[in-house]
Colleague: 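Have a look at this one before I ask anything.
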Amino acid sequence: MTQITPQPGIMDIALYQGGAAHVDGVSNVTKLSSNENPLGASPKAVEAMAQAAAKMHRYPSSDHIALRTAIAETHGLDADRIICGAGSDEIIAFLCQCYAGPGDEVLYTEHGFAMYRISALAAGATPVEVKERERVTDVDALLAGCTPQTKLVFIANPNNPTGTMISEAEVARLADGLPKGALLVLDGAYAEYVEGFDAGAKLVEARDNVVMTRTFSKIYGLGGARIGWGYGPAEIIDVLNRVRGPFNVSSTALAGAEAAVRDRDYVEACRVENAKWRGWLADQLAEAGVPSDTSCTNFILARFASQSEAEACDDFLKARGLIVRRVAGYNLPTALRITIGDETACRAVAAAVKAFKSGQGTE
Ligand SMILES: Cc1ncc(COP(=O)(O)O)c(C=O)c1O
């Protein structure tokens, strides 16, 4: 028996299941499994990354000042209180590493994003899952779930994979009610899909127990670049920076993100296009007998009568090259999460789901 053993908690981590990108035997697939922007990144971001690629022999900036300044100017924030990471995943990991350890509890909701549990376990902390109310974050349940051991409370607003969100007043009530010593993390990965929503930035400004995380992977179309950021009280950002690797974000990612965040017209065009096809697809699915909650994101959580029906529909779509996401791992076995693709993709999904429902999957 080897004496070399991992830290407690690590072996409790189930490997993260990413969205599938291939179907055996189908050459032309449409990937609607990872909530990516079907329109891609802003051409200005792509150009900036190409230019950065010519200078790859140089290490990237360590303080990320150009990107932090661009984010701060765009959102009206304090650049000194922004931290950039290799995706918002890395910010989530920093938070757990710095603020939760053995004996501490990390709260998230029953349909919450998988990385909250993974990062809590990686830090040796105890993940605690709290009920939602009909696929919506339940502030009362979260407050009731808090104990003196609670160190971090994660909510995504809007949430993945439900697509629902709670009001600013509810978020403020949550922040107000947390025990002293617990930090609220507002994950705003999908915030840009909600017109005029600040993702909780004002709450971060007003309080000392709230941090916001954001990503360039969704509306900005830069999932492959791995870049996200966090915003919080100065003392907390200082703590996170102590564990951050000096070169945690590549020069290409920094350059792409800076150009992307400044290209507001592109972001707005993507938001409008997404809202248009999201509404259209939700209506089409409802007509076919597949309901969904009103989505505030770039995906729809389509609900089926049973797990077997959801799985049969997934197989039916897959055979037609349409890859969506099963979400049984998110305690939603009767649902499929469908990313809003471009017009062609949305029309193909609607037609396939209709065909499935009318024939109940008989090929
Ligand atoms: C709610 C939520 N938070 C965070 C992330 C992580 O995004 P990234 O690490 O690409 O910034 C995702 C990605 O799917 C997400 O859905």
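The figures here come from the full heavy-atom set of this structure, side chains too, leaving out hydrogens, waters and symmetry mates. Just so you know, ligand 1 is whichever comes first in the structure, and atom 1 is the first atom listed for that ligand.
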Colleague: So among V153, L142, D138, I155, which one has a side-chain contact (heavy atoms from CB on, under 4.5 Å) with V130?
Modeller: L142

Colleague: List every atom of ligand 1 that sits less than 4.0 Å from any heavy atom of T215, numbering the atoms from 1 in the order shown and giving each element.
Modeller: 7 (O), 8 (P), 10 (O), 11 (O)

Colleague: Using the six-membered ring wherever Trp is involved, compare the ring planes of F154 and Y116 and label them parallel, tilted or perpendicular (cut-offs 30° and 60°).
Modeller: parallel

Colleague: Given R117 and E129, is the side-chain contact (heavy atoms from CB on, under 4.5 Å) satisfied, shown in steps?
Modeller: CA-CA 9 Å; R117 175 184 167 82; E129 197 175 284; 5.7 Å; no

Colleague: Identify, by atom number and element, the atoms of ligand 1 in contact range of S217, meaning under 4.0 Å from any of its heavy atoms.
Modeller: 8 (P), 10 (O), 11 (O)

Colleague: Between S88 and ligand 1, find which residue part has any heavy-atom pair under 4.0 Å and reply side chain, backbone, both or neither.
Modeller: both

Colleague: Out of curiosity, L152 CG to Y108 OH, how far, rounded to the nearest 0.5 Å?
Modeller: 12.5 Å

Colleague: Which protein non-hydrogen atom lies closest to atom 12 (C) of ligand 1, naming both residue and atom, and how far is it?
Modeller: F113 CZ, 3.4 Å

Colleague: Show which atoms of ligand 1 fall inside a sub-4.0 Å distance from at least one heavy-atom site of D89.
Modeller: 6 (C), 9 (O)

Colleague: Going by the order shown, which atoms of ligand 1 are within less than 4.0 Å of some heavy atom of K218?
Modeller: 13 (C), 14 (O)

Colleague: What protein heavy atom sits nearest atom 3 (N) of ligand 1, and how far off is it?
Modeller: D187 OD2, 2.5 Å

Colleague: Is there a polar contact, in the sense of an N or O pair closer than 3.5 Å, between R226 and ligand 1?
Modeller: yes

Colleague: Does Y193 have R271 sitting over its ring (NZ/CZ under 6.0 Å from centre, angle to axis within 45°)?
Modeller: no

Colleague: On the six-membered ring of W277, is R347 placed so that its NZ or CZ lies under 6.0 angstrom from the centre and within 45° of the ring axis?
Modeller: no

Colleague: Answer yes or no on whether R214 is positioned over the face of F216, meaning its NZ or CZ is under 6.0 Å from the six-membered ring centre and within 45° of the axis.
Modeller: no

Colleague: Taking only heavy atoms of Y190, which atoms of ligand 1 are found under 4.0 Å from at least one of them?
Modeller: 1 (C), 14 (O), 15 (C), 16 (O)

